[in-house]
K.L.:
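One structure, as structure tokens, below. Some questions next.
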Amino acid sequence: MAGFDKVVANYAEAMVGLEDGMTVLAGGFGLCGIPENLINEIRRKGTRDLTVVSNNCGVDGFGLGVLLEDRQIRKMVSSYVGENKLFEEQLLAGILEVELTPQGTLAEKMRAGGAGIPAFFTATGYGTPVGEGKESRVFNGRHYIMEEAIVGDFAIVKAWKGDRFGNLIYRHAAQNFNPMVATAGKITVAEVEEIVEPGELEPSQVHTPGIYIDRLIQGHFEKRIEKRTVREG
Amino acid sequence: MAGFDKVVANYAEAMVGLEDGMTVLAGGFGLCGIPENLINEIRRKGTRDLTVVSNNCGVDGFGLGVLLEDRQIRKMVSSYVGENKLFEEQLLAGILEVELTPQGTLAEKMRAGGAGIPAFFTATGYGTPVGEGKESRVFNGRHYIMEEAIVGDFAIVKAWKGDRFGNLIYRHAAQNFNPMVATAGKITVAEVEEIVEPGELEPSQVHTPGIYIDRLIQGHFEKRIEKRTVREG
Amino acid sequence: MALSREQLAQRVARELEDGYYVNLGIGIPTLVANYIPEGVEVMLQSENGLLGMGPFPTEEQVDADMVNAGKQTVTAIKGASIFSSAESFAMIRGGHVDLTVLGAFEVDVEGSIASYMIPGKLIKGMGGAMDLVAGADNIIVTMTHASKHGESKLLPRCTLPLTGFGCIRKVVTDLAYIEIADGRFWLRERAPGVSVDEIVRLTAGEMVVPEVVPEMVF
Amino acid sequence: MALSREQLAQRVARELEDGYYVNLGIGIPTLVANYIPEGVEVMLQSENGLLGMGPFPTEEQVDADMVNAGKQTVTAIKGASIFSSAESFAMIRGGHVDLTVLGAFEVDVEGSIASYMIPGKLIKGMGGAMDLVAGADNIIVTMTHASKHGESKLLPRCTLPLTGFGCIRKVVTDLAYIEIADGRFWLRERAPGVSVDEIVRLTAGEMVVPEVVPEMVF
């Protein structure tokens, strides 16, 4: 790497260093804003025994769902995994483990991981199965539980535009989990729809500063829609 | 208020409800991005016994410094207060109290206050006077202290543009503490250089969503520079 | 007669106030948006990271990057803002959303709610529901009063794993509008043509019944 | 001869590597930016909320909304990003900054640092220094080796209130470059013309002295 140019030549290079047994954080919500090509590269690579942290696990045949086909995922940390037949099968067969985490807690755990905060307190989950076995404490008369940060060996995100320095801007609601995921990986890889030159993004409008990004690649995206809902025009 | 129009007619209206003894959070770093007219309104109002949470306390005669002239501040929570003669005098005379808080911890305490997180752990301040009397704990072999959130009765911020719904965009490095302050007030008032109509700000480029803003006012700003440093052109 | 889904949504909508930021859960809560009272403006929050959710898009407007918390394609109104899920749940957890409406399997006299998991059935996850019930001061639960088999869903104590502990104050069922306070249900309104006796019979938890229980008008 | 301020900055600058994100404290650390080695690109982080700090502005470029952590007017380079102070310290606390350079009053063999407060004198505050020393893995402290009265600033244990506990591994003084490990100072380099004996005499904490201590070359 020369200076701050994070652009890599191909997807194989983008995922160098990913090994069996690692924890991978993935951005996206449902199929919106997911790093689809980086996921496909993990599939191609055949890395196994992965712990994947992502709000959902894609659908059958698309998104993180493709990593189930060759049983590459050992454990999934998600808030909702209801869109996936193969997921259900592997869960019931006991070859896949799931750790259900409330959506806001999941987002905050990754933000904390990136921000050097090892643990925080939240009311979310107190008195529920999520709170079982976790320390609880009262602040100002209210019950809270302690949640610990999540850090990944790899983090993969998808953005709209990225400059060569790795500064990212997300498009519309495809932002979702990507900004926190980007901060919480020991190695963070971003794929974008368009690579631009440094200076083309307005500094105060950058969503993810380049300091969090180790590698950047431009991809082509299918952007599959999970639930197409329309009204009369 | 009709619907989501947060615009108020004048500064007096902007600060309605501010009472003696309240805690006021103020955005800005040094003299950069401070809500100068809202501060002046507090001066005019003569509210006393205030606890003010802000990274700095302005300078003599400008910014939060003006609230020292009639001894309106009882306690200051800041990371650095070295730019102010009157501050020093009142501190030594024992009529002003100061709680020094590391800059990053201060920012995070207000973010936590706005985000419903009553406390978090940080390594900052462990083994120092800041950590004294605070709970400490080891995570992954490292020492951390527990810091509690800050919530204000009032929060005052300064932004560049704001739409009538209270969505804010900050200009350059005048962003600083303003976004966290905006989230952590029971009542949050924003003053801006320009009020625009809803729809004029790109949704994904809004820094502070309008949900955090109770009142909005357009002001004129002196924008005094604390340390003018230039090079040959 | 028990309320229809539309009437449930209509009754909930009467709790909306001008200037409210509202999060509507999946199912009946979503219908509430169709019955916003005259003169009231509300702004819809979608927990994936959107404040100011608009209607579904036309065919031409459909955009894969513009979805709501139910993963449906949506639009944004003028004056919307879009942000990360961490920011979205900061907003929710921090109590900035004025009203949250969501469904449930069970609610009890302590205000606890069970809505995401039936042991023995496959667990799909809680999504944002636990954060929503823990974060909001003002929550309305909408559900049928009893199961098809006549088993009450308003209980002395939830039997299913909880989504949230002691956080619900208002329940709109197909039979009644009920408030929760001091460890009891308080019957406030009944559905048109539904008798107090029937409501009492289908409410397992302790319920206070005032002398007059007004009938809802639609 | 003891190093000048410029030489101190020059020596520190040799620790810079290509692609480093660097936070430079006020004073001598700021001067490091003037001695970035050939072929090395670094990006400066300013903790108020700026990554990619440029030089001071020309008269025409001066903008009150564009200041650094020292409250000086600055510019931003192409490819800079600007963000909130919470985001800035998330970056710092989370260990994303590759190198932090800052001054100190005292450093001890455990790597503890005292830099913000002298009891009896007015306390102005720690600003971002406590976050910076707690967050970075790689910190270089620059300071004079001893006070004007010849009192060592490299101690068995800091006497002043700490800015950070056990976090410093590298110190560049006007006399030497010293590393800290295993509860001792390790003498690595000496300033041109400064003898090992003089360094040893002015170092109060236990110091390991190798057989050969190379002289810095400028």
Side-chain angles (χ1 to χ4, degrees), chain B residues 1-7 25 107-120 149-152 155 159 161-170 179-188 195-216, chain C residues 16-23 36-54 63 65-68 74-100 128 130-137 164 167:
Chain B
M1 191 180 77
F4 295 88
D5 191 343
K6 312 287 177 79
V7 179
L25 319 183
E108 192 65 20
K109 279 163 87 86
M110 291 195 275
R111 187 213 173 247
I117 291 170
F120 59 91
I150 292 177
V151 173
K161 294 183 183 177
D163 72 20
R164 293 184 164 273
F165 291 176
N167 293 307
L168 305 180
I169 285 180
Y170 305 97
M180 293 73 75
V181 166
T183 68
K186 287 173 194 158
I187 296 175
T188 294
I195 291 177
V196 302
E197 292 306 312
E200 289 190 48
L201 304 179
E202 167 63 27
S204 63
Q205 298 296 11
V206 166
H207 291 123
T208 293
I211 196 170
Y212 295 114
I213 305 302
D214 296 290
R215 302 170 195 164
L216 185 73
Chain C
L16 298 173
E17 292 182 21
D18 193 33
Y20 261 18
Y21 295 96
V22 180
N23 184 295
I36 296 164
E38 191 82 15
V40 168
E41 284 180 44
V42 302
M43 202 178 290
L44 301 180
Q45 205 261 11
S46 189
E47 63 264 31
N48 50 321
L50 167 60
L51 183 67
M53 181 166 60
D63 187 329
D65 292 336
M66 200 63 213
V67 303
N68 67 11
V74 290
T75 57
I77 64 165
K78 279 190 180 182
S81 54
I82 296 175
F83 31 81
S84 75
S85 299
E87 176 61 40
S88 183
F89 282 94
M91 210 172 263
I92 289 166
R93 202 188 303 105
H96 303 280
V97 175
D98 297 298
L99 176 66
T100 288
M130 282 195 182
D131 306 279
L132 282 161
V133 298
D137 277 337
C167 48

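All figures in this text were calculated on a predicted structure; none of them were measured in a lab.
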K.L.:
C/Tyr20: what forms a ring pair (Phe, Tyr, Trp, His ring centres under 6.0 Å) with it, not counting sequence neighbours?
P.N.:
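C/Tyr20: no ring pair (Phe, Tyr, Trp, His ring centres under 6.0 Å) contacts found.
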K.L.:
Hey, are the side chains of C/Thr75 and C/Met66 touching, using non-hydrogen atoms and a 4.5 Å cut-off?
P.N.:
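A side-chain contact under 4.5 Å is absent here.
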K.L.:
Going by residue number, which parts of residues 41-48 of chain C are within reach of chain B, meaning a heavy-atom gap below 4.5 Å?
P.N.:
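Hits under 4.5 Å: C/Glu41, C/Val42, C/Met43.
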K.L.:
Any side-chain heavy atom of B/Met180 sitting closer than 4.5 Å to one from B/Leu25?
P.N.:
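No. Closest side-chain heavy atoms not under 4.5 Å.
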K.L.:
Taking atom CG of B/Leu201 and atom CG of B/Leu168, what is their separation to the nearest 0.5 Å?
P.N.:
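Between atom CG of B/Leu201 and atom CG of B/Leu168 there are 8.5 Å.
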K.L.:
Apply side-chain contact (heavy atoms from CB on, under 4.5 Å) to C/Ala136 and list each qualifying residue two or more places apart in sequence or on a separate chain.
P.N.:
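For C/Ala136, the residues satisfying side-chain contact (heavy atoms from CB on, under 4.5 Å) (neighbours in sequence not counted) are C/Thr100, C/Ile139.
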K.L.:
What part of B/Arg164 is in contact with chain C, defined as an atom under 4.5 angstrom from a non-hydrogen atom: side chain, backbone, both or neither?
P.N.:
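Contact with chain C: none, neither part.
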K.L.:
Does C/Asp65 have any side-chain contact (heavy atoms from CB on, under 4.5 Å) partners at least two apart in sequence or in another chain, and if so, which?
P.N.:
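For C/Asp65 the side-chain contact (heavy atoms from CB on, under 4.5 Å) partners, ignoring immediate neighbours, are A/Arg171, A/His172, A/Ala174, A/Glu193, A/Lys223, C/Asp63.
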K.L.:
With respect to chain B, which residue among C/Glu17, C/Arg93, C/Glu87 yields the maximal number of heavy-atom pairs within a distance under 4.5 Å?
P.N.:
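Maximum pair count with chain B is reached by C/Arg93.
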K.L.:
By a 4.5 Å heavy-atom criterion (distance strictly below it), what part of C/Val40 contacts chain B: side chain, backbone, both, or neither?
P.N.:
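When you check distances to chain B, no heavy atom of C/Val40 falls under 4.5 Å.
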K.L.:
Only one of C/Ile92, C/Leu51, C/Val22 clears side chain to side chain contact (heavy atoms under 4.5 Å, CB included) with C/Val97; which?
P.N.:
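Result: among C/Ile92, C/Leu51, C/Val22, C/Ile92 is the only option passing the side chain to side chain contact (heavy atoms under 4.5 Å, CB included) with C/Val97.
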